[in-house]
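As structure tokens, the structure follows; a few thoughts come after it.
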Amino acid sequence: MEQKQALAAAISQKTGMNQSEILDWIEIPPNPDLGDYAFPCFRLAKALRKAPPVIAAELKESVALPAGICRAEVTGGYLNFFEDKSSFAEGILNKILSEGEKYGSGSLGGGRNVCIDYSSINIAKPFHIGHLSSTAIGNSLYRIYGFLGYTPVGINHLGDWGTQFGKMIVAYKMWGNQALVEKESVRGLVKLYVRFHDEAETHPELNDEARAWFRKIELGDPEALALFNWFKEITMKEVFNVYDLLGVKFDSYAGESFYEDKMAPVVEKMREKGILKEDQGAQIVDLSEYDMPPCIILRSDGATLYATRDVATAIYRKNTYDFAKSLYVVAYQQNLHFRQLFKVLELMGYDWVKDCEHVNFGMVSMEEGTLSTRHGNVVYLEDVLKAAMEKTLEIIKEKSPDLENKEDAAKAVGVGAVIWGVLYNSRIKDITFSWSKALNFDGETGPYVQYTHARCCSVLKKAGGYDRSLVDASLLTDAASMAVIKAMGGFPEAVRAAAEKNEPYLVARAVMDVASTTNKFYYDNRIMDDDPAVRSARLALTDAARTVIKTGLYLLGLQAPERM
RNA sequence: GCGCCUGUAGCUCAGCAGGAUAGAGCAACGGCCUUCUAAGCCGUAGGUCCAGGGUUCGAAUCCCUGCGGGCGUGCCA
């Protein structure tokens, strides 16, 4: 990075062009044989009235090479610069070995809060694979922001309010019983929910009963409240098992019910601002001049809606956490909703709405079609994680029969495979869930990266340490070693970009780059070389790779077992 | 209908603030374990970058049009 700056300065001096513009032009050649940095001369051709190769040749003669750049070469219209390999390798290696697992971290955040709304499960509904994206992306962002010096606030905005709880009570009272629900837990509740919808098809009066029961919850009727809280308890207990498996934590579980008494003042404020108006009996904020349908704040029967609650939630979060950023990790299905929400906040005069962002992601479906609780077309996340762990355990038994605590490793790797699957691609891509893909551990997968880490650990352990003062980076200038060094050198920038774009996959790709180059290095070079100097240098590189991979896995929410 | 997103190898995807022969993985085929974990490494094969225009010295990348797919489109969340 600094070298790029220095190069830009040197070129700018000779061409008289703006230095930051030159910096923009400098690129990394597609092939390391061509050089480490390239300056394309095409754009200068018009102004200088010369052919690009001629310009490149002239620059080659006149530009003073900054420290660390050992030579320049003309290839076509490009002037390519070559880095001094050993000083480059030494720089990266020293930085990683001295910073350890802090390598790539920063103080960008200055301790400021970042609210991250993710996972946000519904009570009495299955915790299924459709919730994995939000959970995994949010958790990763939580760690990435923390790593960059922010104080992340993880919020699980529980779906714990609404007429569906009236339906649950009706269904429970008609067809359920305590023993059954305790035995079958959420799945038992879901069965009741599905049955309710089936029966309501032919007996619509059930819906009236459901509304009446929900009304009782609102009014604090003891029986209704007791059942409601019980459903919530059962769900949370089961959901915590999954969060434990995933290694996911939250700082707040303030959900829909929490905001029930916080909406009235917000509606009042909208009225004061004069942005609320009646339309077809409902209270709306007209957004037609922003090319959006109106945002409905109060239904014609006076009830609040999703949007009402989200406005109140956003304001509450600002007042409570004074966030520097407030992220909503929610599927792109709700794009319009968030555009409306942010616009309403803006119209209310909250300038901090600029710090709110909808971190959207693609839909999860199954090969058979859309996920649907009501039609029983669901795959429970817990089942996927368990299957992954079981398969992993089988592989470990086969490949590492001596390994102690096989279950721990199986958990780390099995769960890691599932999480990796949703974090390796950009958020916006839709995902069609398939068991064979979820349970594939070959190639660009979490287990591959974890495996690389375990191999590094294993070699370092066998070596029993190395003397850092003996490390001579000039022994690491072969192509395979340099590829690892370069990959590791790019890691910090990838972390920053991931935060800036709220895209964990950028970290995943960077870690994969380190892992795959490390595997190649491992194959090409015998680390435990007879020559002590060579051995130390390679052990240092292995140590650095191990460190960066571990950090990368952590930032994605994966464990880095030392053996597997 | 309108709006947003998306279309790159058989499949899943990188690459898209324009640049040098379009990259990975999976699947297929062929090699490599008496050397540090073969969940690995190497090789072969596989592409009109949806189509057509335009801008540019240069377009997978930017603009326009069309086509395919997804999502959304006022009282669910």
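Convention: sequence-line order gives letters A, B, ...; per-chain numbering from 1.
- Residue contacts for A/Ala454: at a heavy-atom cut-off of 4.0 Å it reaches a base atom on one of the strands shown.
- No contact: A/Met512 has no heavy atom under 4.0 Å from any strand.
- Nucleic acid contact for A/Gln450: none, since no nucleic acid atom lies under 4.0 Å from a heavy atom of the residue.
- Relative orientation of the A/Tyr328 and A/Phe338 rings is tilted, given thresholds of 30° and 60° on the angle between their planes.
- Side-chain atoms of A/Asp442 and base atoms of B/A27 include no donor and acceptor less than 3.5 Å apart.
- The side chain of A/Phe42 approaches B/C57 more closely than any other nucleotide in the set B/C57, B/U12, B/G72.
- Between the P atom of B/C13 and the CD atom of A/Glu503 lies a distance of 14 Å, rounded to the nearest Å.
- Nucleotide B/C29: paired with B/G43 (Watson-Crick or G-U wobble, both distances less than 3.5 Å).
- No hydrogens or angles considered: a donor-acceptor pair under 3.5 Å links the side chains of A/Asp478 and A/Ser481.
- Distances shorter than 4.0 Å separate some side-chain N or O of A/Tyr505 from OP1 or OP2 on B/G15.
- Counted within 6.0 Å of CG on A/Asp530, heavy atoms from surrounding residues, nucleotides or ligands total 12 or fewer; the atom is thus considered open.
- Side-chain N/O atoms of A/Gln333 include none lying less than 4.0 angstrom from OP1 or OP2 on B/C71.
- Nucleotides B/G66 and B/A9, compared at atom P, are 24 Å apart to the nearest Å.
- On the C1' atoms, B/C16 is 42 Å away from B/C33, given to the nearest whole Å.
- Considering only side-chain atoms of A/Ser426, the nucleotide from B/C41, B/A38, B/A14 that sits closest is B/A14.
- Taking every side-chain heavy atom of A/Ala282 into account, B/G74 is the closest of B/G74, B/A20, B/A38.
- Residue A/Leu336 places its side chain closer to B/U73 than to any other of B/U73, B/A77, B/C57.
- Within the 4.0 angstrom heavy-atom criterion, no nucleotide atom of any strand lies near A/Gln283.
- Within 4.0 Å of A/Asn80, counting heavy atoms only, lies at least one base atom of the nucleic acid.
- Checking B/G23 for Watson-Crick or G-U wobble geometry (two distances, each under 3.5 Å) identifies B/C13 as its partner.
- Nearest nucleotide to the side chain of A/Ser458, out of B/G40, B/U37, B/G70: B/U37.
- Look at the P atom in both B/U65 and B/C5: the space between them is 14 Å, to the nearest Å.
- OP1 and OP2 of B/A38 both lie 4.0 Å or more from every side-chain N or O belonging to A/Tyr448.
- Nearest heavy-atom pair, A/Ala417 versus A/Ala438, reported as atom, atom and distance to 0.1 Å: CB-O, 4.4 Å.
- The distance from the CZ atom of A/Phe39 to the CD1 atom of A/Ile55 is 8.5 Å, given to the nearest 0.5 Å.
- In the interface, the side chain of A/Gln280 is paired with the base of B/G74 through a donor and an acceptor atom under 3.5 Å apart.
- A sub-4.0 Å separation between OP1 or OP2 of B/C36 and a side-chain N or O of A/Lys461 is absent.
- Using a 4.0 Å heavy-atom cutoff across all strands shown, A/Ile284 reaches at least one base atom of the nucleic acid.
- If you check B/C4 for Watson-Crick or wobble pairing at under 3.5 angstrom, you find it paired to B/G70.
- As a whole-Å value, the separation of A/Asp310 CG from B/C76 P is 15 Å.
- Shown here, B/C33 is classed syn by the O4'-C1'-N9-C4 or O4'-C1'-N1-C2 angle, which is within 90° of 0.
- Across every strand in view, B/A60 sits unpaired, with no contact that passes the Watson-Crick or G-U test at under 3.5 angstrom.
- Checking B/A38, B/C57, B/A20 against the side-chain heavy atoms of A/Lys46 singles out B/C57 as nearest.
- When the P atom is compared between B/U61 and B/A20, the two are found 13 Å apart, to the nearest whole Å.
- Residues satisfying the side-chain hydrogen bond (donor to acceptor under 3.5 Å, both in side chains) test with A/Tyr522, not counting sequence neighbours, are none.
- Following rounding to the nearest Å, A/Phe165 (CZ) and B/C76 (P) show an atom-to-atom distance of 16 Å.
- Residues A/Arg71 and A/Asn80 bring no donor and acceptor atom of their side chains to less than 3.5 Å of each other.
- A cation-pi arrangement, defined by a distance under 6.0 Å to the six-membered ring centre and an angle within 45 degrees of its axis, is absent between A/Lys167 and A/Phe196.
- Checking the phosphate oxygens (OP1, OP2) of B/C13, no side-chain nitrogen or oxygen of A/Lys437 falls inside 4.0 Å.
- In this entry the distance linking CG of A/Asp117 with P of B/A77 reads 16 Å, nearest Å.
- Residue-level contact check: A/Arg309 touches the backbone only, with heavy atoms under 4.0 Å from sugar-phosphate atoms and none from bases.
- Side-chain N/O atoms of A/Arg455 include one lying less than 4.0 angstrom from OP1 or OP2 on B/A38.
- To the nearest angstrom, C1' of B/A77 lies 13 Å from CE of A/Met263.
- The residue A/Ala303 sits apart from the nucleic acid: no heavy atom pair falls under 4.0 Å.
- Rounded to whole Å, atom C1' of B/C13 lies 14 Å from atom CG of A/Leu506.
- Side-chain contact check for A/Ser536 and A/Asp467: no donor-acceptor pair (N or O, by modelled atom type) lies under 3.5 Å.
- Going from the P atom of B/G1 to that of B/C63 covers 23 Å, rounded to whole Å.
- When each of A/Ile296 and A/Pro29 is assigned the nucleotide of RNA chain B with its nearest heavy atom, A/Pro29 is the one assigned upstream, toward the 5' end.
- At the heavy-atom level, A/Leu305 lies under 4.0 Å from the strands shown only through sugar-phosphate atoms.
- At distances below 3.5 Å, at least one donor-acceptor pair connects side-chain atoms of A/His131 with backbone N or O atoms of A/His128.
- Distance check on atom C1': B/G18 versus B/G58 gives 8 Å, rounded to whole Å.
- Taking SG from A/Cys295 and CD from A/Gln283, the interatomic distance works out to 12.5 Å, rounded to the nearest 0.5 Å.
- Counting any heavy atom pair closer than 4.0 Å across all strands shown, A/Asp529 reaches no nucleic acid atom.
- Each of A/Phe521 and A/Asn122 was assigned the nucleotide of RNA chain B with the nearest heavy atom; the assignment lying further toward the 5' end belongs to A/Phe521.
- The gap from the P atom of B/G3 to that of B/A59 amounts to 30 Å, rounded to the nearest Å.
- Remark: the separation of the P atoms in B/A14 and B/U6 is 10 Å, to the nearest Å.
- Contact of A/Asp279 with B/G74 (side chain to base): a donor-acceptor pair of N or O atoms is detected under 3.5 Å.
- The separation between A/Leu287 atom CG and B/G3 atom P is 18 Å, rounded to whole Å.
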List every contact pair, protein side and nucleotides 22-24 of chain B side both N or O, where the distance is under 3.5 Å.
| from | atom 1 | to | atom 2 | distance (Å) |
| --- | --- | --- | --- | --- |
| B/A24 | O2' | A/Glu444 | OE2 | 2.1 |

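- Per the geometry, CZ belonging to A/Phe338 stands 14 Å off C1' belonging to B/G72, to the nearest Å.
- Neither OP1 nor OP2 of B/A77 sits under 4.0 Å from any side-chain N or O of A/Lys125.
- A/Phe127 has its side chain out of reach of A/Val186: every pair of non-hydrogen atoms, C-beta onward, lies at least 4.5 Å apart.
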